[in-house]
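In what follows, a single structure is set out as structure tokens and then discussed.
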2 protein chains.
Amino acid sequence: MATPAISRLQRTPDSIVEKTVEIDTKSRILDAAEELFMEHGFEATSLRLITTAANVNLAAVNYHFGSKEELFQAVLTRRLDPMNQDRMQLLTAYESVSNGGALTCEKIISAMFIPALKLARDHQQGGKNFLRLLGRAYADPAPFIRQFLSSQYVEMIVRFRAAFARALPHLEREEVSWRLHFVMGALSYTLAGTDALKMIAQFHPEEIDNDELLLKRLAPFLAAGLRAPVQSGDTHQWFQET
Amino acid sequence: MATPAISRLQRTPDSIVEKTVEIDTKSRILDAAEELFMEHGFEATSLRLITTAANVNLAAVNYHFGSKEELFQAVLTRRLDPMNQDRMQLLTAYESVSNGGALTCEKIISAMFIPALKLARDHQQGGKNFLRLLGRAYADPAPFIRQFLSSQYVEMIVRFRAAFARALPHLEREEVSWRLHFVMGALSYTLAGTDALKMIAQFHPEEIDNDELLLKRLAPFLAAGLRAPVQSGDTHQWFQET
DNA sequence: GCTAGTTTCAAACAAGCGTTTGATTGAGAT
DNA sequence: ATCTCAATCAAACGCTTGTTTGAAACTAGC
């Protein structure tokens, strides 16, 4: 009757850790799932596709993770949680250097971007896959994805909003929230790498997959946007025809 | 054997057009599909869900549209094509007024935003649904969606990239392409309305669903980003720790 | 060698999927 | 009244989905 245990204890072979090409079943599933979820999305990726690519039995997913949804969450947390931890740590480091003075927008953006860049570089293939997957999860309508992401981001967002509010004292608190929202949207959208529209834009081929160059173009764009003057209220300079 | 005709001729009742509450089966399907695709995404929305909501027979989708994919494309074109047509028309109008002089970034952005705003307002519920659906389709990995979208956008993008290039003569052509890419990303991402992260940002409740106010905040942000100075090449002001 | 516990495996499960079929309806044309 | 053809319908098709099952294999500890 009861669920198949999912015991997290699993006595590890504490004698000699196998460092050979043999990889843990759980990790093999996570790696395959990361790539396939990125490629086809959550709904369109079947467990049979994942387990075949990972060379494990079909039932292994439900045994180790409980369900397809929990597998998806595990794929996300594995890298998202450390990345957001890095971001906050970096922000704290910058702040302690600045001796109580407000940081520049560039510095704060750096604290957001550098951990993402590290991910794109370190695990040379897997990391980039993950960033694309994350960008797509951002736009996924599935409720369990949305509430999972917001719970993962809430702490980081509070910290960075406070930092931006100090860097941009002339802006109302609400305007700061919106602009942070825009920044995170542009970042996730850009990292998601919607190839179709990129082809339209006829970029140089060597740039199209170079996340570093990409973020170097995006960061100044966003910094300037953050510093933009506030809209003069009632004059309706924008959005009237003729 | 052969496919069930899908004849587009369908003799319309040319005598007296029924203007009562009776709506065309095709339109009922499109309306229901628009809302449900927006809510659950393409893969997670079944034809049975759509046809039940539309109060039509299950086979009606395959009869009128041919397949689920073609239905999705029909949902998109119905409003996307006129919107992009409006955008280009508006841009042309602005340009003819300016007597050959380059437009400001604000004007060009207006030409992109106003048709989207009209959609959000006119069909008070359906239009907003559509914008959210569009934002999500932007991030969908399904190949048929990606290539459909790029074919729908290619003409508009060429026109607007040329306009931005004239407005920003100090930027290289490639930089302009990237910034247009960022603008379209921010726009679609913002209109997609990722509710989860909005809740985090603790906005005023009356603003959260007011697309007009939303775009009034986004437009100055993007205009400032477009005008940002180019990154000084090798100095690596960005993205190095400490 | 026995035992206990974790992990793997092939097989099956019920449910849902997109699509097709063939009959039935209903309105306009001859 | 008859013919025609687009439109609707209930039913079924073949297939895939996520999950469950119970036995087998494997790995320590004693």
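Lettering follows sequence order; numbering is per chain, from 1.
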Between C1' of D:dC13 and CG of B:L47, the distance in whole Å = 15 Å
query = Is there side-chain contact between B:V56 and B:H64, with heavy atoms separated by less than 4.5 Å?
reply = no
note = note: B:F42, atom CZ; C:dG18, atom P; distance rounded to Å ~ 8 Å
key: First encountered from the 5' end of DNA chain D, between A:N57 and A:A44   = A:A44
key: Nearest listed nucleotide, side chain of B:A59, among C:dC9, D:dG18, C:dT20   = C:dT20
inquiry  = At less than 4.0 Å, is any side-chain N or O atom of B:S46 found next to OP1 or OP2 of C:dG16? Yes or no.
reply    = no
message = Just checking A:Y153 against A:Y138, ring centres under 6.0 Å apart?
response = yes
ask   = Would you say D:dG18 has OP1 or OP2 under 4.0 Å from some side-chain N or O of A:N62?
value = no
remark   = Heavy atoms of A:R87 and A:L187 approach each other most closely as NH2-CD2, 3.6 Å
ask   = Starting at CD1 of B:I50 and ending at P of C:dC17, how long is that distance when rounded to a whole Å?
value = 11 Å
key: Nearest-Å distance for atom pair CD1/P, residues A:I29 and C:dT7   = 12 Å
request  = Over 60° means perpendicular and under 30° means parallel, so classify the ring planes of B:H181 and B:W178, tilted if in between.
outcome  = perpendicular
inquiry  = Within the 4.0 Å heavy-atom criterion, would you say A:T51 contacts the bases, only the backbone, or no part of the nucleic acid?
reply    = nothing
remark   = The correct list of stems in which DNA chain D takes part (3 or more consecutive Watson-Crick or G-U pairs, distances under 3.5 Å) is C:1-28 with D:3-30
key: Length of the CG-C1' vector between B:L49 and C:dC17, whole Å   = 12 Å
ask   = Atom CG of B:D86 and atom CG of B:L91: how far apart are they, to the nearest 0.5 Å?
value = 12.5 Å
request  = Report yes if a side-chain nitrogen or oxygen of A:H64 is closer than 4.0 Å to either non-bridging phosphate oxygen (OP1 or OP2) of C:dT8; otherwise report no.
outcome  = yes
note = So CG of A:L49 and CG of A:L36: to nearest 0.5 Å the spacing works out to 5.0 Å
ask   = Which value, rounded to the nearest 0.5 Å, describes the distance between A:F164 atom CZ and A:I157 atom CD1?
value = 11.0 Å
query = With a 3.5 Å cut-off and just heavy-atom distances, do the side chain of A:R48 and the base of D:dG18 make a donor-acceptor pair?
reply = yes
task = Mind calculating the distance between NZ (B:K68) and C1' (C:dG16) to the nearest angstrom?
result = 11 Å
task = Take the protein atom CG of B:N55 and the nucleotide atom P of D:dC9, then report the distance between them rounded to whole Å.
result = 9 Å
query = Within the structure, does a side-chain N or O atom of A:T25 lie under 4.0 Å from either OP1 or OP2 of C:dT8?
reply = yes
query = So which nucleotide from D:dA10, C:dT8, D:dA11 ends up closest to the side chain of B:L58?
reply = D:dA11
message = Under 4.0 Å, heavy atoms only, any strand: does A:A60 hit a base, just the sugar-phosphate, or nothing?
response = nothing
message = Any non-hydrogen side-chain atom of A:F130 less than 4.5 Å from a side-chain atom of A:R78?
response = no
request  = Would you kindly give the CD-to-C1' distance between A:E43 and C:dG16, to the nearest whole Å?
outcome  = 12 Å
